[in-house]
Amino acid sequence: VSVPLSSDADLIAAHTSGDPHAFSELFRRHRDRLWAVALRTMRDHEEAADALQDAMISAFRNASSFRAESQVTTWLHRIVVNACLDRIRRRQARPTVPLAETSPAEPASTRDVMEEQDTRMAVQQALADLPEDQRAAIVLVDVEGYSVSETAAMLGVAEGTVKSRCARGRVKLAKLLGHLRNPSADANVPDDAMAMRRREGR
Amino acid sequence: MSGEDRRSSAPQGPPWSLDLLADLHAGVLDEAEADELRRQVAADPEAREVLAALDATGNDLADLPPLTIPDDVAARIEAALEEEVRAWSQSTASAGVSSLPTADRPASQQHTGQAQVVDFAEARRRRRRRFGLGAGLLAAAAAVTGVVVLTTGTMGTRTNEEAAGPPPAPSAPPPLALQGDQVTLSGAQFSEALGAKQYGALSDPQKLIGCLQANGVKSGKPMGAREITLNGRPAELLILPAGKIGEFRLLTVGPECGPGTPATISDSMFGG
């Protein structure tokens, strides 16, 4: 049994020094959040499990590539997200299996349990309709609550790219979820044309 | 107002495009442009409705409940990590190095840059090789005696008895006392047994291989070996891959198990 260690970075150091239990301890610390990101990105239980396993094996073998200046959690998430996106791109031709998320955190009794569950199902379904790049950004920022800079590090893109992907994704979700009741009322100018004008205008 | 009028200046409206409002909401715009737009949008009820809709969307997303990793997925990944440790132990024993491959792996196997993901296909091929029949059984036998066998995937490789040092003195915990018609394990018991190498009466590699074959084990190798008592009777519990994600075969045999003698006491499953 490993001696209790205080930080994730300590565990990485112990792992690279030969402690056979250190990496498993690191996995146990973060497995729920890593699983949540994998499942919500992949939308398929088995594929999420495969992606998470591939990611953890990769992290185990490549722990020496971890840079001390970054957070261990950021590094782990990045590997998981990359593993997921890699799998999604390989399965592009196949249809997405609808996801039924279950969680022990489901409230036992609230005044509108059914309505709440309907909303969750609708949100989960709407997320599934997003392009994977937007979905990954939205899952990390809006669902999991990571900052834009953390998410940028996890996805390996610029912060502006994260913001932009979130912006595009939220518009689609707002339409799908009925928060934008009359999206066609949006100007007479198509979004793309408007964006083009903005770029030209700068 | 025509599009031509808009081109020469900062965004004008209303109406505003959804993308522009979403950019404002997400902090995409530079500060000056955002300030100017925010001031104008404040006077536009339709634009404020769009921003409120984006806020509501964010709230819906934030309200999704936290998820907990299912036990079968956690157990499966822990087993895969155990397998990594075991493979490392075997390879480093032959190479005479003492740190994990992550620290001392040759540069040719390292991936440069931060957080790069390894070649998964190659990783899977490596895993599959290690789970091959001949290599798997021999490696399991080697693990008992301390002999390292290169996992070449052929049955031609023989253990070198002379090269074997004395088996490591295990600081063995007492046998796990279980009751019932067949072996069932709690999650904690399974986790403890998964990494154990307590081969007991099956410490002789030839006996172990014969025992596994007598019980119809055609592929895979024990992922854990634990001395137990079942209803007070001494036995050896072997955890084997069941060929399905999250499922493990719990094969329990008597001490006499060996070539031609299955001595099966219990054959049950965990997970799935």
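Residue numbers start from 1 in every chain, and the chains themselves are labelled A, B, ... in the order their sequence lines are given, proteins ahead of strands. Being a predicted model, the structure only gives us computed values, none of them experimental.
Contact of A:Leu177 with chain B is made through the side chain alone, with heavy-atom distances under 4.5 Å. Only the side chain of A:Val123 comes within less than 4.5 Å of a heavy atom of chain B; its backbone N, CA, C and O stay farther away. Interface remark: B:Asp63 contributes backbone atoms only to the contact with chain A (heavy atom separation under 4.5 Å).
Rounded to the nearest 0.5 Å, atoms CE (A:Met56) and CD (B:Glu84) are 12.0 Å apart. Taking CG of A:Leu34 as the reference point, atom CG of B:Leu67 lies at 12.0 Å (rounded to 0.5 Å). For the atom pair CG (B:Asp19) and CZ (A:Arg168), the distance works out to 3.5 Å, reported to the nearest 0.5 Å. To the nearest 0.5 angstrom, B:Leu29 atom CG is 10.0 Å from A:Ser164 atom OG. Rounded to the nearest 0.5 Å, atoms CD (B:Glu82) and NE2 (A:His21) are 7.5 Å apart.
Looking at every heavy atom in both residues, B:Ala22 comes nearest to A:Val171 through CB-CG2, 3.3 Å. The minimum heavy-atom distance linking B:Arg76 with A:Ala49 is given by the pair NH1-CB, 3.3 Å. Considering all non-hydrogen atoms of both residues, B:Ile69 and A:Trp35 come closest at CA-CD1, 3.5 Å. B:Leu54 and A:Ala174 get closest at one heavy-atom pair: CD2-CB, 4.3 Å. Considering every non-hydrogen atom in both B:Ala74 and A:Phe27, the closest pair reads O-CE2, 4.1 Å. Scanning all heavy atoms of the two residues, the minimum distance from B:Ala53 to A:Leu180 falls at CB-CD2, 3.7 Å.
For the set B:Leu24, B:Leu61, B:Asn59, the entry with the most heavy-atom pairs within less than 4.5 Å of chain A is B:Leu61. Between chain B and the options A:Arg33, A:Glu159, A:Arg28, heavy-atom pairs under 4.5 Å are most frequent for A:Arg28.
You'll find the side chain of B:Val73 stays beyond 4.5 Å of the side chain of A:Arg31, heavy atoms only.
No salt bridge links A:Arg170 with B:Asp60; every basic N to acidic carboxylate O contact stays at or beyond 4.0 Å.
Of the options A:Leu127, A:Asp142, A:Val139, a side chain to side chain contact (heavy atoms under 4.5 Å, CB included) to B:Leu64 is made by A:Leu127 and by none of the others.
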